[in-house]
Amino acid sequence: MLHTLPAQDGFAMPAEFAPQDGALLVWPVRPGSWGKNPQAAQRAFCNIMREAAKSERVFLLASAAHINEASAQAGEFATILEIGTDDAWARDIGPTFVTNGTEARGISWRFNAWGGFVDGLYADWAQDDAAAEAFCRAIGADCYDAGDFVLEGGSICSDGEGTLLVTESCLLSAGRNPNRTKAQIEQMLSEYLGVQKILWLPRGIYNDETNEHVDNVCAFLRPGEVVLAWTDDEQDPQYPLSRADYDYLSRETDARGRKLVIHKLPIPDHPVRVTEADMANYVFEPGEDARQAGDRLAASYVNFYFTNDAILLPQFGGENAPSDARAVEIMRELCPERRIVPIDSRAILVGGGNIHCITQQLPKGVLR
């Protein structure tokens, strides 16, 4: 483990749309997220890995108890590594990679299940917390130790040119770094990610269990240009959250002084909710945050993943089929240089996140 500071070493976080060596995922088996029968989630994960493998190398972590199952279903398009985890959110438990232009190194943040004993989502996260370092060791990548600083990959988004998107609701939450001020958190992010300006969006997606990660509400498409989850329905609880973000971004500039171009990407027209069938499949452990039938899930099309030549875009189906099609067309217009690949991801949403949440990109220079 490295104990220097990435920025001082000349390393910075690249954009997610930059060239990649690969993608990291974790095999989903936790009954409280994916159910006692996780096959629907596993099919969705496999669809994502199959598409990502068309342009980059895919790594999949699995525990000893499930490695044969993972290999049988995903072995043709993923390299399977025997590394145990508590759940399957690779974005948040995997390393965040920084690069100096030729070499890439990982960062191992502290992970505490999105809030620890204050408002975390499960009681034991030791394996998740160790996963970033274990993965870097397995692939031969150097890894920085961020000490006691709690952060998840889904809570940050870089433009690759010195600007970082975060949400206040997440990074200033009581369960993460309560002994650090906003200025001290900015200092840590600057030292580890090599950024010069941090844009603090006020809010994320309504009912997002992560204290509203930025990756569900706003993302860079290219430097100076973002896509923002939106609704025109002023009665929807998402409206004031997206409105606050839009107003904030409209007033701000990025690290290079550019006014941001903001594209609105509407959320599904109909709320996606936990069903009785979903509830019958869940098996919650003591200390695990339990969902209820009828709960609104944090559905957003912004939770997509860039591969080297495509965007893997969430789709929710059913009465939201027209919303799904609209999102595909909007993204095709915004990113004509990439294939837009619709992925049925409701089974991932039922677990608590979406496509971006279960993937972590490996930028160029990670694999040597």
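Just the heavy atoms: all of them, side chains too, but no hydrogens, waters or symmetry mates, feed the values below.
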Under 3.5 Å, is there a donor-acceptor pair linking the side chains of [X] and [Y]?
X: Arg243; Y: Gln238; answer: no
X: Trp109; Y: Thr96; answer: yes
X: Glu191; Y: Gln187; answer: yes
X: Thr85; Y: Asp87; answer: no
X: Asp128; Y: Tyr122; answer: yes

Do other residues, nucleotides or ligands put more than 12 heavy atoms under 6.0 Å from the CD atom of Glu276?
no

Around atom CD of Gln39, are there more than 12 heavy atoms from other residues, nucleotides or ligands closer than 6.0 Å?
no

Side chains of [X] and [Y]: closer than 4.5 Å at any heavy-atom pair?
X: Pro31; Y: Asn281; answer: no
X: Tyr301; Y: Trp230; answer: no
X: Cys136; Y: Phe97; answer: yes

Does NZ or CZ of Lys264 fall inside the cone over Tyr246's six-membered ring, less than 6.0 Å from its centre and within 45° of the axis?
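Relative to the ring axis of Tyr246, which defines the angle, Lys264 lies inside both limits.
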
With the 4.5 Å side-chain cut-off for hydrophobic clustering, are Val150 and Trp114 part of the same group?
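Cluster IDs for Val150 and Trp114 differ.
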
Counterpart residues, side chain to side chain donor-acceptor pair (under 3.5 Å), relative to Asn211 (two or more places apart)
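Checked Asn211 against side chain to side chain donor-acceptor pair (under 3.5 Å); matches are Asp119, Arg176.
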
Where the side chain of Ser242 meets the backbone of Tyr239, is there a donor-acceptor pair that is under 3.5 Å apart?
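Side chain of Ser242 to backbone of Tyr239: no pair is present.
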
Measure the CZ-CG distance between Phe77 and Leu60 for me, rounded to the nearest 0.5 Å.
9.0 Å

